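Below is one structure, written out as C-alpha cells; comments come after it.
Proteins get letters first, then strands, A, B, ... in listed order; numbering begins at 1 in each. Source: prediction; values computed, not measured.
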There are 2 protein chains.
Amino acid sequence: MISKATMSRLPEYLEYLRAVEKEGTVNISATSISKALGYGEVQVRKDLGSVSGTGRPRTGYVTSELKSQLESILCPQREIEAVIVGAGKLGRALLGYEGFAEYGISVNTAFDQNPEKRSVDISGSGKNVLHISEMCEYCRKNNVKIGIITVPASAAQTVCDMMIDCGIDAILNFAHVRLSVPDGVSVENENLALSLAMLAGCGGEK
Amino acid sequence: MISKATMSRLPEYLEYLRAVEKEGTVNISATSISKALGYGEVQVRKDLGSVSGTGRPRTGYVTSELKSQLESILCPQREIEAVIVGAGKLGRALLGYEGFAEYGISVNTAFDQNPEKRSVDISGSGKNVLHISEMCEYCRKNNVKIGIITVPASAAQTVCDMMIDCGIDAILNFAHVRLSVPDGVSVENENLALSLAMLAGCGGEK
C-alpha cells in the first residue's frame with residue numbers, strides 16, 4: 001500500500017509527466033522531476049519507487065509508462081462516486097469542492113432532511129440536494145459505496161447506520177463523534193480542529 | 001511530542017474525566033477509562049502515558065491531576081485565535097465550525113476581497129467577514145499567528161505572502177497548491193480529496 005504522504009504528491013508528478021510528455025520527453029529521471037518540482041531527490045526516488053520500481057540507470061523512467069502507472073494508482077478510470085449526508089455549510093462546501101476529481105472521485109449529490117432549504121445556493125451547478133429518504137435508491141442505482149457525513153454529532157450514528165443499510169462500506173466522518181460500524185465497513189475521521197491544534201503547537205513542542 | 005492519533009482521543013478522555021470528577025471519582029484507572037470509552041486498554045495506557053506517565057499501581061491516576069494535564073495539553077487556556085482568508089463556501093463553513101473550541105482555538109473572522117457579498121449567511125452569528133486590507137491590523141491587535149487559506153489555488157501564494165507580512169507563522173492550507181514559505185513558518189496542507197481517495201482504496205490494497 002502506498003503511504004498517504006506519497007499519495008499526496010502523486011497528482012503533482014502526474015501533472016508534470018503529462019506536460020513533459022506533450023513536449024516529447026520520452027524518458028525522465030527522478031533527478032529531473034525533483035528539480036522541476038522542488039522536492040528532494042531522495043523523496044522523489046522513494047515515491048516513484050513505490051509506484052513503479054526503480055528507473056533504469058542513465059535513462060530513468062519511460063515517461064508514458066510512469067504516467068500510466070500513476071494514472072492507474074490515482075484511479076481516475078474507476079469513476080468512484082461518493083455521497084454526502086448533511087447539506088449544511090460544510091456539506092455544501094464539500095459538494096462544491098473541485099479537488100476530488102484529482103483522485104477520480106465525483107461528489108454530485110448530498111442528502112438532507114430539508115433539501116429545499118439547503119439547495120438554494122447550488123442551483124444551476126449540476127449538483128443536487130435530495131431528501132434523505134432517496135439515498136438508498138440513489139446509492140443502489142449509481143453503485144455508491146462511499147459516504148461523507150457532515151451532520152451534527154448527535155445525528156451522525158443514525159446517518160451512519162442508514163448509509164450502511166444503503167450498501168455504503170466506506171465512510172468519511174466530519175462529525176465529532178466516534179461511529180460504531182460492523183466489520184467490513186471502514187471509517188475515517190476527518191478532524192479539522194486537530195490539524196489546526198497541532199499547527200498551533202498543542203501536543204507539545206515538535 | 002504527542003502523536004496526532006493520541007491528540008485526536010484526548011478531548012474524549014477529558015470529557016469523561018470531567019464527568020466522573022463531578023460524580024466524585026477521586027482516582028481513575030486506565031482500565032476504567034478503556035471500558036467506559038470502548039478503546040483498547042493498551043491504547044489508553046499508551047495515550048495517558050504520553051500525557052501523564054504511568055498511573056499508580058491499584059489506584060491509577062488522580063482524576064483532577066490527569067484532567068489538568070489534559071487541559072494544559074489541549075491548550076484551552078492559551079486562547080489561540082486563527083483567521084481565515086477566503087470567505088467562499090469552505091471558508092464560511094470553517095467559520096461556522098464549532099469543533100475548534102475543543103482544542104482551545106477560536107476562529108471568529110474571515111477576510112475576503114468582497115466581504116459584503118460573503119457575509120450574508122453569517123450575520124448575527126458574532127462572526128465577521130472583513131475586507132482583506134484589514135487583516136494585518138486585526139492580526140496585530142489580536143496577536144493572531146495562525147492563518148487558514150481557503151482561496152482558490154491561483155490566489156493561495158499571494159494570500160500566504162500577505163499572511164506572513166501580517167505576522168502569521170503557521171498556516172493551514174486548503175488550496176491545492178504547494179506554498180513557498182520562509183524558514184520559521186509552518187504549513188500544513190489539508191487535502192480533503194486525499195482522505196476520500198485512500199478510503200476508496202486508491203493507493204493499493206490495505
- Item | Heavy-atom pair of closest approach, residues B:L172 and A:L192 | CD2-O, 4.5 Å

- Note on the structure: In terms of heavy-atom contacts, B:L199 and A:S186 come closest through CD1-CB, 4.1 Å

- Query: Is it the backbone or the side chain of A:Y97 that comes under 4.5 Å from a heavy atom of chain B, or both, or neither?
  - Reply: side chain

- Item | Nearest non-hydrogen partners of A:R92 and B:K89, listed with the distance | O-CD, 3.8 Å

- What one should report as the nearest heavy-atom pair of A:A193 and B:Y103 is CB-CD1, 3.7 Å

- Between A:L196 and the options B:I80, B:I105, B:L94, the side chain to side chain contact (heavy atoms under 4.5 Å, CB included) test singles out B:I105

- Under 3.5 Å donor-acceptor, A:R178 side chain and B:L37 backbone: yes

- Message: With a sphere of 6.0 Å drawn around CD of A:E137, does it hold more than 12 non-hydrogen atoms of other residues, nucleotides or ligands?
- Response: no

- So which part of A:A170 gets closer than 4.5 Å to some heavy atom of chain B, the side chain, the backbone, both or neither? both

- Query: Taking B:I146, B:L194, B:L90 one by one, which has the highest count of heavy-atom pairs under 4.5 Å against chain A?
  - Reply: B:L194

- Message: Within this structure, what is the CE-CD distance for the pair A:M198 and B:E188, rounded to the nearest 0.5 Å?
- Response: 8.0 Å

- Task: Measure the spacing between CZ of A:R9 and CG of B:N189 and express it to the nearest 0.5 Å.
- Result: 11.0 Å

